[in-house]
There are 2 protein chains.
Amino acid sequence: MSLDHAVLGFLTYGPSTGYDLKKLFDSTVRHFWPADQSQIYRTLARLGAQGFVAHELIDQDPLPDRKVYSLTEDGRAEFLRWLAAPHAPDPVREGSLIQVFFAGHLSDEEILRLAKLQAKGLRQRIRTLEGLCPLLEEHASQIGTRRDAFFWGVTLEHGLLMNRAALRWIENVIKRLKTPGQTPVAS
Amino acid sequence: MSLDHAVLGFLTYGPSTGYDLKKLFDSTVRHFWPADQSQIYRTLARLGAQGFVAHELIDQDPLPDRKVYSLTEDGRAEFLRWLAAPHAPDPVREGSLIQVFFAGHLSDEEILRLAKLQAKGLRQRIRTLEGLCPLLEEHASQIGTRRDAFFWGVTLEHGLLMNRAALRWIENVIKRLKTPGQTPVAS
DNA sequence: AGGGTATATAGGATTTGTCCTATATATGAC
DNA sequence: GTCATATATAGGACAAATCCTATATACCCT
């Protein structure tokens with residue numbers, strides 16, 4: 001349950017509401033762990049029932065009360081325990097590769113069309129990640145330390161490197177499709 | 001619903017049972033699309049209800065009857081429609097990065113320990129993928145064409161490249177942790 | 001005047017995937 | 001002799017995630 005610990009993690013920086021957490025998620029970890037608004041509220045409720053977070057109500061009439069959540073002692077302990085423990089990597093799920101896997105049923109032209117679309121999507125995603133860089137630095141200076149900023153940047157770097165590798169891969173596939181007769185051997 | 005189309009895809013090579021499909025999944029697409037046994041059977045049932053597959057029973061007393069599924073006309077049409085259409089990439093979910101994101105709360109020693117474990121896992125995964133190569137070629141020669149073998153190999157290549165990129169990334173992070181004072185800037 | 005966005009929470013419904021169990025027998029390993 | 005593995009299907013229970021809707025008001029744009 002990574003989301004639970006991501007929420008606890010953000011609360012180590014100080015109390016926050018579900019609404020603010022959602023925005024924080026979107027501007028920092030969305031690129032490797034998207035979180036639905038509805039899921040965040042439910043997670044906060046569950047963490048509350050487990051005693052890992054507590055909240056106080058702040059009246060905002062006529063808007064709904066703000067529920068400002070903060071970490072309890074137990075919550076902080078649980079987070080640090082999780083953070084220091086090794087975890088199995090989550091299984092990979094790349095649906096687009098299923099299409100590639102069965103692409104032999106299509107004509108080269110059709111495959112090229114799809115591959116180029118994929119490449120376009122990857123380039124777009126890379127630009128999005130590059131645009132995230134200043135945003136992340138802004139957040140780091142606001143709520144985190146310089147040390148935090150290093151690790152935040154490193155996760156962004158991961159996204160960039162992976163997407164660039166995927167782009168190189170698909171561009172290479174396109175190249176090989178255009179010049180047939182080559183051995184497709186991996187390794 | 002990628003699984004549905006993966007199942008339909010495998011059935012284009014000929015009729016099969018849920019049991020055999022599970023084995024086929026494990027030896028070909030498991031590295032980018034793991035499928036639970038239980039899920040495969042339920043998927044076959046659902047595809048049957050939708051009219052995309054049909055099955056005949058083969059008595060095997062005392063073992064349970066084999067349900068040999070084959071594609072219907074509708075099923076083949078649906079698969080080819082899906083195969084030729086562009087699809088949005090599935091969202092990335094890398095739980096391990098959440099740990100990296102909050103790693104600032106740990107000591108350098110603890111982080112190094114975890115990072116080295118991650119690297120070890122990646123090397124292991126790379127070896128597994130390399131070992132899958134001959135298996136995949138064997139399957140390709142048995143049930144697919146040479147053209148299929150190309151695309152099957154390309155998906156494997158994707159896995160190798162992505163895991164190697166991830167390994168380089170983590171090794172670089174380890175290096176930077178050991179020599180402090182360097183700018184962590186991405187890009 | 002009407003439509004989109006921001007503020008704030010929350011629940012229903014559905015989908016997708018995992019884990020575990022049940023059934024029934026044969027074979028090979030230790 | 002017992003224990004794991006292979007053969008074959010199937011369902012209950014649960015977890016995780018997404019989508020949509022409801023509530024209420026204010027502000028800005030056209």
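Note that the coordinates shown come from a computational prediction; the quantities given were computed from them, not determined experimentally.
- Counting heavy atoms from C-beta outward, D90(B) and R93(A) have side chains that stay 4.5 Å or more apart.
- Per the geometry, NE2 belonging to H55(A) stands 10 Å off P belonging to dT9(C), to the nearest Å.
- Side chain to side chain, R176(B) and N172(B) meet the donor-acceptor criterion of an N or O pair below 3.5 Å.
- Residue D20(B) contributes atom CG, which lies 9 Å from atom C1' of dA8(D) at whole-angstrom precision.
- OP1 or OP2 of dA10(C) sits under 4.0 Å from a side-chain N or O of K67(A).
- A straight line from CZ of R93(A) to P of dT15(C) spans 18 Å, rounded to a whole angstrom.
- In this model, the phosphate group of dT9(C) is not approached by any side-chain N or O of Y19(A) to a distance below 4.0 Å at OP1 or OP2.
- Residue side chain Q39(B) does not reach the base of dT16(C) through any donor-acceptor N/O pair under 3.5 Å, judged by distance alone.
- Straight-line distance from the CD atom of Q37(B) to the P atom of dG12(D): 15 Å, rounded to whole Å.
- Remark: C1' of dA15(D) and CG of D90(A) are 14 Å apart, rounded to the nearest angstrom.
- Put simply, R46(A) has no side-chain N or O that comes within less than 4.0 Å of OP1 or OP2 on dA16(D).
- You'll find the ring centres of F10(B) and F101(A) inside the 6.0 Å limit.
- Side-chain contact check for H5(A) and E78(A): at least one donor-acceptor pair (N or O, by modelled atom type) lies under 3.5 Å.
- The nearest whole Å value for the distance from the CZ atom in R42(B) to the P atom in dA8(D) is 21 Å.
- Between Y41(B) and dA10(D) there is no side-chain polar atom (N or O) within less than 4.0 angstrom of OP1 or OP2.
- At dA8(D), none of the side-chain N or O atoms of K23(B) fall inside 4.0 Å of OP1 or OP2 (strictly under the cut-off).
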